[in-house]
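Have a look at the structure below before the remarks.
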Amino acid sequence: MNPARRTTAATATALVLATAGGLLSLTATPASAAVTCTSPVYKRQFFANTTFSGTPKKTDCDTAIDQDWGTGAPASGLPSNNFGVRWTVTRDFGSGGPFSLAASAQDGIRVYLDGVRKVDLWKNVSTTVKKTVNVTVPSGKHTLRVDFVNWSGTANVKFTYTPRTSADVDTVKPLAPTGASVTYDAATGKARLTWAKNKEMDLAGYRVYRRLKGTSFGSTPLATTTSVSYTDSTLPVTGEAYYYEVRAFDKAGNESAGTADQLVTTADRVAPGVPAGVEITDASEAGGLRVGWSAVAEAATYRVYRAASADGTYTLLGSTDQLSYRDASAAVRTKYYYRVSALDAAGNESARSTAVSGTRRDDTPPPAVTGVTVTPTEYGFEVRWDANPATDLASYVVRRGELWGDEEEQVCSLYPGFYVSADTTSYEYVTDPDGEESCFIVDAVDEAGNSSFKWTGEAQIVTATEFDMTPSVATPEGSPLTLDATGAEGDEGNRLTWYGLAEDAAEQAGGYRVYRWNPATSQYEKIAEPGPGAVEYFDTTAKRGTTSYYWVTAVSADGTESLPAGDSATTAP
């Protein structure tokens with residue numbers, strides 16, 4: 001409460017000026033006429049009458065209407081009876097709502113809202129009278145006026161206006177806060193929101209909401225505050241966009257609409273995932289060693305690191321936006337270890353992958369094999385060649401083939417080959433000599449698997465014709481038996497197995513007879529008589545380094561032999 005200030009004599013002094021025509025009398029305007037009071041402070045005017053007529057005797061500002069002058073004058077120069085005091089204030093009530101106007105006075109008091117009388121206690125009384133009324137104030141700016149008069153005796157006055165805040169009475173939402181803005185500090189990753197103070201008299205505070213772009217605001221606020229600013233230090237630094245809005249809420253629990261969304265795009269400090277599936281995808285690529293990996297979400301580029309050992313120092317080889325990288329600097333037959341990291345568009349780098357190792361294969365084939373000779377033998381062919389000078393030679397491959405075409409142009413169609421160790425220069429090629437012409441090559445293969453013939457398509461081709469070891473006596477058809485003969489392995493001799501008759505079949509009651517072709521006599525000669533039920537025989541007397549031809553017959557109880565079944569077995573020396 002501001003007490004009434006005494007008006008000084010100088011304020012009301014009449015000024016008398018001498019003029020040529022006589023005396024001119026001017027009265028100075030009271031200083032109180034220029035008084036302005038900042039809302040919600042009242043402007044208070046004192047009148048020396050009860051009709052509030054004429055010029056106020058004094059004007060000042062009053063923070064509250066709560067005075068007790070007793071039987072004295074309210075201000076210097078005013079009477080102690082028959083005076084009037086008027087308070088006025090124009091303020092912004094925000095969204096408005098239900099208010100309680102409480103007045104008490106001795107003597108008379110009237111309360112007006114926008115010129116409409118709400119309280120009327122206008123009597124000369126001997127005791128203080130009181131009255132409280134409930135009103136609904138619309139939103140926006142409104143003017144309250146309080147008139148008080150004292151006719152005689154004691155003078156006191158009190159007036160308050162307060163919002164009614166119980167939830168069953170106040171259902172009016174506050175106005176949305178205005179002037180919302182946001183600033184973002186990329187260095188700290190914090191966002192600071194500010195807004196203008198709400199005009200609501202029953203304001204309880206503000207709620208700050210945040211949402212990720214593309215989603216909705218949730219029902220739970222990010223923060224609640226009574227301030228007009230908030231600093232969010234919980235933003236993820238992922239490079240994503242977030243929106244904020246601020247809502248006011250009153251003491252009855254009513255919440256306003258939100259402010260316009262305030263956008264913040266965060267700094268991106270989150271690295272992408274670690275590359276997985278890292279492997280050496282090509283160790284024989286011409287000009288290098290290729291490392292590959294699986295795609296990583298949000299990765300813009302990848303970095304490839306190399307070391308000489310798994311736990312050694314990894315140095316950066318290069319970067320790429322592809323899912324593989326060719327290490328052109330890898331030396332042949334040298335083992336390297338690789339790790340890969342992923343980088344996003346903001347430059348955040350992931351941890352490095354687990355290490356994988358690889359050795360660049362030699363992609364230079366050995367020179368072609370020279371000095372190849374092929375000599376027909378009783379077991380097939382003897383193949384010889386010159387030693388290959390390749391320092392990384394791993395093996396030779398001896399390949400036989402058939403000649404296709406006419407005499408003018410022939411092609412050697414090769415069969416799969418036989419691998420021979422690098423420390424030999426000959427091979428005993430076992431086949432059934434039947435007088436056919438064959439072609440041969442010898443290929444050189446190094447430790448990296450490079451083949452001279454595969455790389456160049458060229459090789460020394462040598463042709464040779466087999467001996468014809470075929471018996472001059474043909475094996476008749478119609479035998480009940482089937483014979484399989486295989487060359488000797490070790491000292492057990494050539495193995496003959498047969499089938500076609502059951503153990504108790506009458507056709508073999510007398511056993512079996514085994515014959516071998518003798519080129520010297522040009523006939524099959526009996527070499528063994530296995531008993532009934534026999535199914536195999538080992539010919540340990542067969543000469544090695546030749547081809548042996550066999551017949552097997554079944555013998556019935558009366559000595560009758562079945563037609564023979566035939567086959568051959570070839571052994572190297």
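What you are looking at is a predicted structure, and each value in this text was computed from that prediction instead of being measured. All heavy atoms count here, side chains included; hydrogens, waters and symmetry mates do not.
- Judged by distance alone, the side chain of S100 and the main-chain N or O of R164 form no donor-acceptor pair under 3.5 Å.
- When every heavy atom of G72 is checked against every heavy atom of S80, the shortest pair comes out as C-CB, 3.7 Å.
- Ionic pairing of K199 and D92 is not present here: no N-O contact between side-chain nitrogen and carboxylate oxygen is shorter than 4.0 angstrom.
- Remark: the backbone N or O of D170 is paired with a side-chain donor or acceptor of N254 at under 3.5 angstrom.
- No donor-acceptor pair closer than 3.5 Å links the side chain of T136 to the backbone N or O of G97.
- Nearest heavy atoms, S319 versus R303: CB-CG, 4.1 Å.
- At a cut-off of 3.5 Å, with distance as the only test, a side-chain donor of D327 or Y338 sits close to an acceptor on the other residue.
- Ion pairing of D261 with R211 is present here, as a side-chain N (NZ or NE/NH1/NH2) and a carboxylate O approach within less than 4.0 Å.
- Side-chain contact of T160 with T162: a donor-acceptor pair under 3.5 Å is absent, judged by distance alone.
- Pairing each heavy atom of A103 with each of V111, the nearest pair is CB-CG2, 4.3 Å.
- A perpendicular orientation is assigned to the rings of F83 and W69, their planes being inclined by more than 60° (bins at 30° and 60°).
- Distance alone, capped at 3.5 Å, is enough to place a donor-acceptor pair between the Q262 side chain and the A260 backbone.
- Formation of a donor-acceptor pair under 3.5 Å by the D392 side chain with backbone atoms of A394 is not found in this model.
- Contact record, Y302 with P275: CD2-CG, 4.3 Å, taken as the closest heavy-atom pair.
- A donor-acceptor pair under 3.5 Å links the side-chain atoms of E200 to the main chain of L175, judged by distance alone.
- The CG atom of D62 sits 13.5 Å away from atom NZ of K43, with the distance rounded to the nearest 0.5 Å.
- Contact record, S451 with K454: OG-N, 3.0 Å, taken as the closest heavy-atom pair.
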- Task: List the steps and the verdict of side-chain hydrogen bond (donor to acceptor under 3.5 Å, both in side chains) for D232 and Y244.
- Result: CA-CA 10 Å; D232 182 7; Y244 292 92; 2.6 Å; yes
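- Of the possible polar contacts, none joining the S452 side chain to the P365 backbone as a donor-acceptor pair under 3.5 Å is found.
- The cationic group of R360 does not satisfy the cation-pi geometry with Y336, failing either the under 6.0 Å distance to the six-membered ring centre or the 45° limit from the ring axis.
- The OG1 atom of T364 sits 7.0 Å away from atom CH2 of W455, with the distance rounded to the nearest 0.5 Å.
- Looking only at atom types and distance, the side chain of T194 has no donor-acceptor partner in the side chain of S229 under 3.5 Å away.
- Remark: the backbone N or O of P367 is paired with a side-chain donor or acceptor of N388 at under 3.5 angstrom.
- One finds the CZ atom of R91 at 6.0 Å from the CZ atom of F93 (value rounded to the nearest 0.5 Å).
- Taking 4.5 Å as the limit, every side-chain heavy atom of N198 sits out of range of all side-chain heavy atoms of W195.
- Of the inter-residue distances, the one linking N134 atom CG with L101 atom CG reads 8.0 Å to the nearest 0.5 angstrom.
- Within a 6.0 Å sphere centred on OH of Y419, other residues, nucleotides and ligands contribute 12 heavy atoms or fewer.
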- Is there a side-chain contact (heavy atoms from CB on, under 4.5 Å) between W122 and V149 once you walk through the steps? CA-CA 8 Å; W122 207 250; V149 295; 3.4 Å; yes
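- Defined by atom type and a distance below 3.5 Å, a donor-acceptor pair is missing between the side-chain atoms of T154 and Q106.
- Remark: the backbone N or O of T143 is paired with a side-chain donor or acceptor of D114 at under 3.5 angstrom.
- Here OH of Y243 is found 7.5 Å from OG1 of T265. Values are rounded to the nearest 0.5 Å.
- A side-chain donor-acceptor contact under 3.5 Å links T259 to the backbone of V246.
- Interatomic distance, K57 NZ to F46 CZ, rounded to the nearest 0.5 Å: 13.5 Å.
- A side-chain N or O of T238 and one of E240 form a donor-acceptor pair less than 3.5 Å apart.
- The residue from K123, K118, R117 that alone fulfils the side chain to side chain donor-acceptor pair (under 3.5 Å) condition with D120 is R117.
- Between P174 and A248, the closest heavy-atom pair is CG-O, 3.9 Å.
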